[in-house]
Protein chains: 2
Amino acid sequence: MTYGVAFTALADPTRRAVFERLGSGPKPVAEIARGMAVSRPAVSQHLKVLKAAGLVSDHPEGTRRIYTIDPQGLRALRDWLDRFWDEALENFRVEAEAKTEKDRS
Amino acid sequence: MTYGVAFTALADPTRRAVFERLGSGPKPVAEIARGMAVSRPAVSQHLKVLKAAGLVSDHPEGTRRIYTIDPQGLRALRDWLDRFWDEALENFRVEAEAKTEKDRS
DNA sequence: ACTTACAGTTAGATATGACTTACGGAGTTG
DNA sequence: CAACTCCGTAAGTCATATCTAACTGTAAGT
């Protein structure tokens with residue numbers, strides 16, 4: 001059930017952009033917001049959502065807060081995904097077979 | 001970039017419920033909507049979004065349309081996820097190391 | 001042909017969510 | 001302690017998405 005917040009969090013393009021910026025390593029808020037289309041407070045709000053989803057974690061460092069990608073949220077997504085992956089392939093295979101069978105008749 | 005629509009599609013709880021109902025195999029719309037909190041037209045709208053995201057595919061069967069999970073959309077999500085997975089673990093490891101290092105001092 | 005079953009579409013109301021501006025708090029430096 | 005930096009929060013506005021209700025279209029049965 002916890003994968004729900006993760007999907008919701010990563011649905012917004014701006015929020016995905018925030019998350020993806022952490023792909024190159026931990027960063028303070030100001031550096032994340034640098035050059036983005038939205039204001040810094042907006043980035044803070046997005047980080048709050050990402051944190052609630054377990055996608056990022058933070059720790060203070062002087063007057064700044066350093067944000068890092070958290071495996072926890074990604075793990076939830078990955079587990080959910082795996083539940084459907086094999087099944088999706090199986091469905092696809094059966095579908096394709098039924099189609100070629102039909103073409104033959 | 002195509003993983004964006006997939007995330008957006010799976011963000012809505014109702015839409016995820018629709019998608020997950022296809023986990024037990026292909027189904028017509030009426031059967032998907034059976035016992036759900038929303039109306040059948042709502043389910044149709046959700047299926048439309050899921051189809052646009054490449055998460056489901058459909059084919060007519062008499063007066064009914066059978067929907068099936070499509071691996072395509074899941075593939076996009078999986079690829080995106082893998083780009084961050086290893087990195088997240090590495091960041092987490094470094095973070096944990098820095099923490100224990102700090103505790104020792 | 002008429003009726004019934006099943007599903008997609010449209011229009012409109014409502015709700016949810018993202019953004020900016022302004023402010024407050026916590027830490028650091030002089 | 002005063003000024004400065006960095007960041008989170010609150011209030012308010014605006015846009016977008018979801019829902020229901022009514023309608024249309026299509027296929028099958030009588």
Side-chain angles (χ1 to χ4, degrees), chain A residues 1 3-22 25-70 73 95 102, chain B residues 1 3-22 25-70 73 95 102:
Chain A
M1 189 66 88
Y3 58 86
V5 286
F7 272 120
T8 305
L10 293 172
D12 184 66
T14 305
R15 198 153 44 220
R16 266 202 315 277
V18 169
F19 181 77
E20 291 174 358
R21 288 211 172 192
L22 293 176
K27 290 176 183 39
V29 178
E31 187 174 340
I32 300 173
R34 184 196 319 274
M36 291 222 340
V38 298
S39 67
R40 185 200 50 78
V43 172
S44 272
Q45 292 172 344
H46 285 308
L47 285 169
K48 186 179 182 179
V49 176
L50 290 171
K51 185 179 177 182
L55 287 164
V56 303
S57 58
D58 64 326
H59 69 95
E61 194 160 300
T63 140
R64 302 181 285 190
R65 294 197 78 84
I66 309 298
Y67 281 86
T68 313
I69 289 183
D70 187 349
E95 200 72 19
K102 197 171 189 180
Chain B
M1 189 66 87
Y3 58 87
V5 288
F7 273 120
T8 305
L10 293 171
D12 184 66
T14 306
R15 197 152 45 218
R16 265 203 316 277
V18 169
F19 181 77
E20 289 174 359
R21 289 212 170 192
L22 293 176
K27 289 176 183 38
V29 177
E31 188 174 341
I32 299 173
R34 183 194 319 274
M36 291 222 339
V38 299
S39 66
R40 187 201 47 79
V43 173
S44 272
Q45 293 172 344
H46 285 307
L47 286 169
K48 186 178 182 178
V49 176
L50 291 171
K51 185 178 176 182
L55 287 163
V56 303
S57 59
D58 65 326
H59 69 95
E61 193 158 301
T63 139
R64 303 182 285 191
R65 294 197 78 83
I66 309 298
Y67 281 85
T68 313
I69 289 183
D70 187 349
E95 199 72 17
K102 195 172 190 179

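Small disclaimer: the values here were computed from a predicted structure and weren't measured. Note on naming: letters A, B, ... go to the chains in the order of the sequence lines (proteins, then strands), and numbering restarts at 1 for each one.
Distances shorter than 4.0 Å separate some side-chain N or O of B:K48 from OP1 or OP2 on C:dT9. Between B:Y67 and the phosphate of C:dG8, there is a side-chain N or O to OP1/OP2 separation shorter than 4.0 Å. In this model, the phosphate group of C:dA18 is approached by a side-chain N or O of A:R15 to a distance below 4.0 Å at OP1 or OP2.
Here the C1' atom of nucleotide C:dC19 and the CG atom of A:L47 are 15 Å apart, to the nearest Å. Atom CG of A:L50 is separated from atom P of D:dG8 by 12 Å (rounded to the nearest Å). Taking atom CD1 on A:I66 and atom P on C:dG27, their separation rounds to 15 Å, with Å as the unit. The distance between atom CE of A:M36 and atom P of D:dC7, rounded to the nearest whole Å, is 14 Å. With rounding to whole Å, A:D58 atom CG is found 11 Å from D:dC7 atom P. In this structure, the CZ atom of A:R65 is 9 Å from the P atom of D:dT9, given to the nearest Å. Here C:dA7 presents its P atom at 14 Å from NZ of B:K51, a figure rounded to the nearest Å. D:dC7 atom P lies 10 Å from atom CZ of A:R34, rounded to whole Å.
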Item to complete: Kindly determine whether B:R15 and B:L10 satisfy side chain to side chain contact (heavy atoms under 4.5 Å, CB included), including the steps that lead there.
Response: CA-CA 6 Å; B:R15 197 152 45 218; B:L10 293 171; 6.0 Å; no
Practice prompt. Could you check A:L47 against A:I32 for side chain to side chain contact (heavy atoms under 4.5 Å, CB included), going step by step and ending with a plain yes or no?
Written response: CA-CA 10 Å; A:L47 285 169; A:I32 300 173; 4.3 Å; yes
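Of the possible donor and acceptor atoms, none in the side chain of A:R40 sits under 3.5 Å from a partner among the backbone N and O of A:A33.
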Discussion item. One character per nucleotide, please: for nucleotides 19-30 of chain D, 5' to 3', B when the base has a protein heavy atom closer than 4.0 Å, S when only the sugar-phosphate does, - otherwise.
Written reply: BBBB----SS--
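Smallest separation of non-hydrogen atoms from B:A9 and B:A53: CB-CB, 3.9 Å. Annotation for B:T14 and B:V38: closest pair CG2-CG2, 3.9 Å, computed over non-hydrogen atoms. When every heavy atom of B:A11 is checked against every heavy atom of A:T8, the shortest pair comes out as O-OG1, 3.5 Å.
Within a 6.0 Å sphere centred on CZ of A:R64, other residues, nucleotides and ligands contribute 12 heavy atoms or fewer.
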